[in-house]
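Please read the structure below before turning to the comments.
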Amino acid sequence: MTSAPDRKMSISERAMAAAQRPGEAFAGTAGDDAPYLEGLNEEQRAAVLATEGPVLMLAGAGTGKTRALTTRLAHLLNTGRAQPWQILAVTFTNKAAREMKERIEALVGAHVEGMKWLGTFHSIGAQILRRHAELVGLKSSFTILDADDQTRLAKQVIEAADLDVKRWTGRGLAFVIDGWKNRGLTPEKVPENEAWHFADGRGISLYKAYQARLTTLNAADFGDLLVHNLTIFQNHPDVLEEYQRRFKYMLVDEYQDTNVAQYLWLRLLAQKHKNICCVGDDDQSIYGWRGAEVENILRFEKDFPGATVIRLERNYRSTPSILGAASGLIASNADRLGKTLWTELEEGEKVKVRGVWDGEEEARLIGDDIEAEQMKGRSLSDMAVLVRASFQMRAFEERFNTLGLGYKVVGGPRFYEREESRDALAYLRLIRSPDDDLAFDRIVNKPKRGLGDKALQTLHKIARANDMPLMAASRLALEGDDLAKAARRSLLNFVDTIDRWARDAKDMAPADLAELVLEESGYIEMWKNSKSPQAGGKLDNLKELIQAVSEFDTLEAYLDHVALVSELSESSADGQVWLMTLHAAKGLEFPVVFLPGWEEEIFPSKRSLDENGNAALEEERRLAYVGITRAEESCRISFAANRQVYGRWQAAIPSRFIDELPEEHVEVVSEPGLYGNAASDLASHSAFEGMKLKDDAYYDNPGWRRARAAASSRRAAEPPLIEGRGSTVSVSAPGKSKYKKGQRVFHQKFGYGKISSVEGQKLTVDFEHSGPKKVIDTFVEAA
DNA sequence: CATCCACACCTTTTT
DNA sequence: GGTGTGGATG
C-alpha cells in the first residue's frame, strides 16, 4: 500500500512507528510478536517472517505491499539478522526508493541512514561502478550521460562512420544500443545476426565505436551502469564475491519491471546467501517498452528452486465495484499468473463511463465534476486525472486554468532538461571530469567567447587525430599554431579558467562553486543581457539550481543526483488536483480518479500496438488496470467522439477496454445518441433501463441532429453485446452497418469520402480531403 | 554572427 | 498545432 506523494502515514502506522523506539528495538528481543507485526494480515505477516531463502511475493494492487515490504526490512534489522549496510534493497523509481526510505525510517528511526544500498537499480549500479571503474577502463569520476547526451553521442558516431545522418538518426542508434544493454549485451555479445538492427548491418560496429567514445570521454550511459557491473562481476570473481558476501539479504520491488540486465545482476548477487525477496505484480507490468521482461517474474520459481511464494490478495484500497471492473478487464489478458483480489469494503458507487462530444467537453465536464466534489468538501489533492500520454494533459491544464483550479503535474517537463540547467551542469561536469567532451562542446562558446565553428573544428580535428578529449586537444592546440590569434587567446583564457575552478572545487562548497562559475563565466550575464522573454525565468531557474546544489556536500554527490534523479523534489500539494500519466501514477492511490481519453488509437495507443502487436495490447490493458486500481472510491472513465490531434480533427471510437468492463460494475452516463444506436441500445439494457435522456439543447446543431436521426432510425437493430463473457459493456456496438464498401458518404467534419471497409458499425472511409479515417457509421450519411 | 525560413517531427511511457 | 533544427542569407 502506497499513497499519494503528499499523503501522511495512517494513524495505525504512526502508532506503530511511535511504539518502536529505535534504540530499544535493537535490544534483540523482537520475535514473532513484535509490535510492528500487529495489524498485518496473515499473508503480510508471512511475507515479513519468511526471512530465509528465496521469496516471491505476488502483491496485487492495493494489498499493502509496501507495508509488508518495509516491515520485513525493519524486522531484519530489529532481530539483528543483518546490519543496515548488509541489506540490498532495490526499487525501480526514485519515488519508490524515497518512499521506502521514509517508511522504514518511521519504523526503525535513524538506522535507515546506514542503509547505503537502498536505491534504484541505476543509483546502486553507479555506486558500485564508481568503486571499480578502472576494471572497465573508466576513472571513478566518470560522467553519467542522460538520454540527450546519449543521442548526441550516437549521432557523432554515425557521422564519424560517414553514414547518412538523415537516414540513420542518433536517436535510432541510441534506441538500438539501449535495447542491447537492457539485455545485458556488450558489443562482443550481441548475436551477429542482430547487426541488422541498424544501418544495414553496421549496428554492432557502431555500438563498438560508441562504447569506445564513452571510454575516451570517461562517461557511462544509463545502460552502462548495469552492464559494466555485469562485466566486472563476470571478469573479477573476487569483486563479485565481496558483494555476494556483503548482501546478506536482498529485496527487489516491482520485480515485474526488471529487464534482463537487472535480472542477471540480481541473480549473480544472490548466489551466495540466496536470501532474495522479490515483490511484484505481473498485472502491473507496464515497462515492456523499456526492456522489462514479465517472464522474470513468471519464472522466478525455476530460477530459485524451493522459493516460498506468498500472495497478497486482500485489497485495502478500493471498493468492490472498482476491483470488479479492474479484474474483469484484466481477465482478457492471457499471459498472467492470475490472482483474485478481494475486499471487505462496502460496495460503493459503480465505475462511471461517460462519452462526450470532443476533448474540450471532456475537460469541461471533468472540471465540473472536480468542482462539484470540492463543494461536497473533498480536497483537491484527493483527486487525480490520469492520462495515457502527456500531450493529453494540455486540455486539462487549460481548463483548470480558466476555472482557477490548482493542479499539480507530476513528471512534466523536467527541470534538469532545460537549456539553462544543462548549460550550468555542463560547466560543473567539465570541472569535475575534463574528458567530458559533450560538456565541453556545450559551453565552450556559451556565452560567446569568439570560439566559433572554425576554432572548434580545429580542436575536433586535433582531438580525433590523437584520440584525446577536447580539453587535452585544446592544450595541445595552444602549443601549436593552428589557431587564429584571437581564438588562441580566448581558448587559453578558457582552459586556464576551467583549471582554476577545478582547483577551487577542491576546497569549496559546491553551491559556492556553482555560483562562482556561473558568475565568472559570464553565463548569468548572458541571460541578463538577453532580450528573450524567457530570460527572466531562466535566471530564476539558475537560482533554483544553485539552491538545489546547496543541499549537497560534494560536487560529485550533486552531479550523480542530477543524473540519476533528474527532478527537483516534489513539493507536496494540498489544494491541487493531480495531473499525471498512468505510468507516473503507478504505486499511488486517490479517492477519486478520472481516466479520460479511452479511445482506440489513444488508449490503447496505436503506436504501441503497431510496434508490438498483441504483447503491447496486453501491456496497454495492464496500464488500464493500473489506472482503475488507483481509485479508492470513485473511478470515472471517459471518451470523446472527436478529438484534435496535431491540430487536425479526428473521429474517435471508444476504446475496446470499455467494452471489456463487466457490466455489473459499470454505470454508463454517455450522452444519449452520441454513438448512434450504441448508447440507445445501452438504454434498453436492463442495467440502463430508464436512463434519463438529458435535455439535448446543447447538441442542437445540424451534425448532431443528423447523428441522432440516424441513430433513432436504427434503434434496437442489433444486440449491443460483444459475445464472450456474457455481460460486458459495449459502447462501440459492433452492430451491422447499413453502409457498404465503396459507397460515397458525407461526414460533418471530414466532408466527402468513399468507404474502404466496413466492420460492424465502424467504417473506414477515404475522405477526399483528410485521408482515410475510422468513423462510426451514424456520423455519416449517404452522399 | 544573427536572423529568417523551410522542414521534420512530434504525442507513449523513464532510469 | 507547435516546436526545434539546420541551412541559407544578410
Side-chain angles (χ1 to χ4, degrees), chain A residues 90-97 119-126 144-152 155 165-167 169-172 174-175 178 181-182 220-227 254 257-259 261-262 284-292 359 386-395 398 410-414 416-417 419 445-454 530-532 534 560-567 580-586 597 599 601-612 616 619-620 622-624 626-627 643-650:
Chain A
V90 273
T91 63
F92 201 63
T93 64
N94 291 299
K95 205 161 62 181
T120 63
F121 277 102
H122 291 92
S123 69
I124 290 173
I144 300 170
L145 301 188
D146 63 17
D148 189 65
D149 291 331
Q150 206 182 331
T151 308
R152 283 162 198 268
K155 191 178 170 200
V165 196
K166 285 258 155 59
R167 186 153 144 70
T169 63
R171 273 188 76 187
F175 178 82
D178 249 1
K181 287 186 176 176
N182 283 337
D221 64 21
F222 275 111
D224 281 343
L225 296 178
L226 283 160
V227 177
E254 308 281 16
D257 287 331
T258 50
N259 61 33
Q262 289 158 340
Q284 293 190 63
S285 166
I286 55 175
Y287 284 101
W289 52 275
R290 217 173 77 187
L386 310 180
V387 297
R388 172 72 240 282
S390 44
F391 74 89
Q392 293 170 267
M393 291 186 188
R394 204 163 76 189
E398 277 169 15
V410 177
R414 298 170 164 266
Y416 289 115
E417 281 170 16
E419 180 190 10
N445 201 30
K446 198 168 180 183
K448 303 257 181 300
R449 303 189 168 84
L451 290 167
D453 284 350
K454 192 85 196 305
S530 162
K531 286 175 294 233
S532 148
Q534 300 144 11
D560 266 11
H561 172 85
V562 170
L564 295 166
V565 178
S566 74
E567 58 179 86
M580 64 186 95
T581 64
L582 287 161
H583 283 87
K586 188 162 79 153
E599 295 134 38
E601 313 225 322
I602 289 186
F603 191 32
S605 142
K606 177 179 185 337
R607 192 159 161 180
S608 178
L609 263 43
D610 285 350
E611 274 165 24
N612 267 317
E619 181 154 315
E620 295 283 309
R622 290 193 292 267
L623 203 46
V626 167
R643 198 173 283 279
Q644 238 180 340
V645 189
Y646 302 115
R648 297 193 141 262
W649 280 99
Q650 294 247 248

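Computed from a predicted structure; not experimentally measured. Just so we're on the same page: letters track the sequence lines, and every chain starts at 1. Basis for what follows: all heavy atoms, side chains included, without hydrogens, waters or symmetry-related copies.
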Rounded distance (nearest 0.5 Å) linking atom CZ of F222(A) with atom NZ of K181(A)
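Taking CZ in F222(A) and NZ in K181(A), the distance rounds to 12.0 Å.
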Return the set of residues passing side chain to side chain donor-acceptor pair (under 3.5 Å) with [X] (not counting sequence neighbours), or none when no residue passes.
X       : value
D257(A) : K586(A)
K448(A) : none
N445(A) : none

Practice task
Kindly confirm whether the side-chain ring of Y287(A) is stacked on the base of dT13(B), judged by centres under 5.5 Å and planes under 30°.
Solution key: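 Stacking is absent between dT13(B) and Y287(A), given that the ring centres and planes do not meet under 5.5 Å and under 30°.
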Handout entry: Distance below 4.0 Å between T581(A) side-chain N/O and dT11(B) OP1 or OP2
Key =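 Checking T581(A) against dT11(B): no side-chain N or O falls below 4.0 Å of OP1 or OP2.
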Please enumerate all residues that pass side chain to side chain contact (heavy atoms under 4.5 Å, CB included) together with [X], with sequence neighbours excluded.
X       : result
A585(A) : L386(A), M580(A), R630(A)
T120(A) : T91(A), N94(A), H122(A), S123(A)
R290(A) : F92(A), Y287(A)
N259(A) : N182(A), A261(A), Q262(A)

**Request:** For S608(A), report the nucleic acid contact type (base, sugar-phosphate, nothing); a contact means any heavy atom under 4.0 Å.
**Result:**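 Touches a base.
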Euclidean distance for C1', dG6(C) against dT11(B) (whole angstrom) =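 Their C1' atoms lie roughly 23 Å apart.
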Note to self: Stem list for DNA chain B, please, built from Watson-Crick and G-U wobble pairs under 3.5 Å and keeping only runs of at least 3.
What the structure shows: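 The stems are B:1-9 with C:2-10.
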Distances under 3.5 Å between protein N/O atoms and the N/O atoms of nucleotides 6-8 of chain C, please, pair by pair.
| from | atom 1 | to | atom 2 | distance (Å) |
| --- | --- | --- | --- | --- |
| dG6(C) | OP1 | K155(A) | NZ | 2.8 |

Quick one: the side chain of R290(A) and the base of dT13(B), do they pair up donor-acceptor inside 3.5 Å?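 No, no donor-acceptor pair under 3.5 Å.
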